[in-house]
Amino acid sequence: MADEFRAEAVQQLVRVASDGAYAARLPGSDEARGLTASVLRWRRYLDFLLASAYRSRLAKLEPRLRAILQVGVYELVLGGTPAHAAVNESVDLAKSLVRPGAGRLVNGVLRTIERSMDQLPEPEGALEERLAIRWSHPTWMVRRWLQQFGEASTRMLLAFNNRVPVYTVRAHPVRLEVSALAERLEALGVRPMPSRWHSEYLQVQRTGPVVRSELLTEGKAAIQDVAAGLVVNVLSPVAGERVLDMCAAPGGKATRIAHVQGDGGDIVAVDLNSRRVRLVRRAAQQQGLNSIDVRAGDVTELAAGFDPFDAVLLDAPCSGTGVLSKRADLRWNRHESDLAELIALQDRLLDTAARAVKPGGRIVYSTCSLERDENEERVDAFVSRHPEFEVRDVAGRVPEPMRTAAGDYAAQPHLHNTDGAFAALIVRAQTG
């Protein structure tokens with residue numbers, strides 16, 4: 001009988017493929033969720049290998065059988081599982097989850113791939129297509145990255161996105177010192193390492209034990225990538241300031257702003273999604289923060305009723321191409337055609353931020369995208385529309401390796417071993 005976690009992973013893959021479920025929200029053991037994420041990251045390459053060994057069209061396979069084959073090929077080729085175990089476990093899965101006769105098909109396909117392990121087939125065609133198949137990404141992403149970063153950096157980025165991700169945990173600055181957090185994490189068996197980018201953050205390989213512990217519910221720690229936390233460094237809020245967080249859910253940046261202010265500011269945290277607004281409110285309550293006023297609604301409408309703010313954080317909705325290592329299915333749910341709508345929304349939100357900030361105040365525009373047209377080009381377009389604003393250098397606010405030649409903040413996954421993040425500091429001129 002196949003190990004139970006493999007059966008869990010197959011069921012999760014079927015839900016993602018057939019129902020459009022989000023992999024990160026599916027229940028299951030840590031081992032099953034890890035296998036599901038790995039197969040999703042490598043799905044395009046796995047299907048390429050399957051197509052070389054299966055005599056009919058993959059699209060004709062029933063979803064559960066295709067998922068079993070994907071798991072089997074992943075374990076055989078990429079997962080480090082001994083060949084006999086990868087094949088036998090997949091055959092058992094097919095017999096138990098599909099029908100007894102399906103085991104013969106799975107055995108035949110996997111044995112064909114096993115025999116060619118010393119010389120697996122390679123994708124053909126243009127460079128962007130070859131890289132996209134071999135490193136299991138949409139071709140449109142690879143084409144854009146080749147144009148923006150060049151071949152060597154694109155290869156590094158593709159490889160990074162397919163690794164098991166690294167996470168960071170942030171200590172509550174009052175409730176738990178970083179050293180004490182490290183001891184708690186050690187006791188949970190997750191082997192914390194200091195982040196090279198910020199002293200409040202510890203790097204861990206897995207978050208399941210952290211989520212199941214009391215660290216989060218007691219408000220002593222939060223799971224947040226250090227690249228996202230450094231966006232708040234760009235904002236540099238101080239006690240007494242009024243801050244608007246325009247797209248606040250799930251609340252990681254709003255709570256860190258409150259921590260930096262010593263819970264002594266006035267933060268209005270807005271999000272359009274009423275369900276996700278509850279996450280912001282819960283995070284603030286768990287961490288004992290009283291300075292965050294959480295609102296649900298369209299910030300482009302609500303902002304007209306607010307008094308002007310000293311600082312505005314716009315962490316804008318974006319393509320998310322900087323977080324593909326952690327969101328395994330996101331690469332398959334994004335299309336190049338999505339960018340036009342996202343860019344229009346980003347411009348609209350920036351114009352709202354301009355109306356919300358007082359003279360002499362500042363806006364931080366940030367995304368978790370790697371795309372220039374969602375980042376630098378949006379900032380350039382904004383200051384062209386609003387000459388009363390200028391972009392300031394982030395020197396001294398973020399680690400120098402993450403400061404771009406233009407003076408913006410950019411964390412790049414393949415260079416910094418973090419999520420991708422971008423932020424620009426935009427200041428409104430004083431009047432009078």
Side-chain angles (χ1 to χ4, degrees), residues 166-174 177-178 181 194-203 221-248 250-267 269 283-284 287 289 291-292 309-316 318 322-323 353 357 360-370 375-376 379 390-413 415-428:
V166 172
Y167 299 86
T168 48
V169 182
R170 169 169 57 87
H172 190 301
V174 175
E177 293 184 354
V178 175
L181 174 60
S195 167
R196 64 177 289 201
W197 304 118
H198 198 290
S199 60
E200 288 179 8
Y201 290 78
L202 295 172
Q203 183 175 295
I223 298 171
Q224 182 186 49
D225 194 84
V226 65
L230 286 168
V231 170
V232 177
N233 284 39
V234 178
L235 189 70
S236 294
V238 298
E241 285 190 320
R242 278 176 47 78
V243 179
L244 172 63
D245 186 350
M246 294 179 63
C247 303
K253 294 183 179 69
T255 55
R256 183 152 193 272
I257 291 169
H259 287 155
V260 172
Q261 290 182 313
D263 205 21
D266 178 11
I267 303 165
Q287 296 175 42
L289 299 169
S291 59
I292 304 176
F309 292 86
D310 299 291
V312 175
L313 171 61
L314 171 52
D315 187 34
C318 67
V323 295
V357 71
R362 63 202 183 280
I363 298 168
V364 167
Y365 172 75
S366 70
T367 75
C368 58
S369 169
L370 303 178
N375 295 334
E376 293 92 341
V379 175
E390 67 174 4
V391 181
R392 297 280 179 85
D393 199 312
V394 301
R397 297 175 183 241
V398 298
E400 188 61 20
M402 293 177 167
R403 174 176 163 268
T404 71
D408 298 321
Y409 161 62
Q412 299 201 25
L415 299 180
H416 305 124
N417 197 28
T418 65
D419 284 354
F422 170 86
L425 176 62
I426 311 168
V427 176
R428 184 173 185 174

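None of these values were measured; they are calculated from a predicted model.
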Would you check if there is a donor-acceptor pair between the side chains of D225 and T418 at a distance under 3.5 Å? no
Does H416 reach the side chain of V226, with side-chain heavy atoms less than 4.5 Å apart?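 No, side chains not in contact.
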Answer yes or no: is there a donor N or O on one side and an acceptor on the other, between the side chain of [X] and the main chain of [Y], under 3.5 Å?
X: Q224; Y: G252; result: yes
X: Q261; Y: V238; result: yes
X: D263; Y: A258; result: no
X: R397; Y: Y409; result: no

Minimum heavy-atom separation for G322 and P413, please, with both atom names.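 Minimum heavy-atom contact is O-CG, 3.7 Å.
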Minimum-distance pair of heavy atoms, taken over all atoms of V312 and A353: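 In terms of heavy atoms, the two residues are closest at CG1-CB, 3.9 Å.
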Pairwise distance [atom1]([X]) to [atom2]([Y]) - rounded to 0.5 angstrom:
X: T168; Y: Y201; atom1: OG1; atom2: OH; value: 6.5 Å
X: M246; Y: L313; atom1: CE; atom2: CG; value: 9.5 Å
X: S291; Y: H259; atom1: OG; atom2: NE2; value: 9.0 Å
X: L425; Y: S366; atom1: CG; atom2: OG; value: 12.0 Å
X: I426; Y: R362; atom1: CD1; atom2: CZ; value: 12.5 Å
X: E200; Y: H172; atom1: CD; atom2: NE2; value: 10.5 Å

Going by side chain to side chain contact (heavy atoms under 4.5 Å, CB included), R256 matches just one of N233, L230, L235. Which one? N233
Verify side-chain contact (heavy atoms from CB on, under 4.5 Å) between R196 and N417, making sure each step is shown before the conclusion. CA-CA 10 Å; R196 64 177 289 201; N417 197 28; over 6 Å; no
Go through it in stages, so that I can follow the logic: the residues are I257 and I292, the test is side-chain contact (heavy atoms from CB on, under 4.5 Å), and I'd like the CA-CA distance, side-chain angles, deciding distance and then a yes or no. CA-CA 9 Å; I257 291 169; I292 304 176; over 6 Å; no
According to ring pair (Phe, Tyr, Trp, His ring centres under 6.0 Å), who are the partners of Y365, at least two apart in sequence or on a separate chain?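 Scan of Y365 (ring pair (Phe, Tyr, Trp, His ring centres under 6.0 Å), adjacent residues dropped) gives none.
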Verify side-chain contact (heavy atoms from CB on, under 4.5 Å) between R170 and T255, making sure each step is shown before the conclusion. CA-CA 11 Å; R170 169 169 57 87; T255 55; 3.3 Å; yes
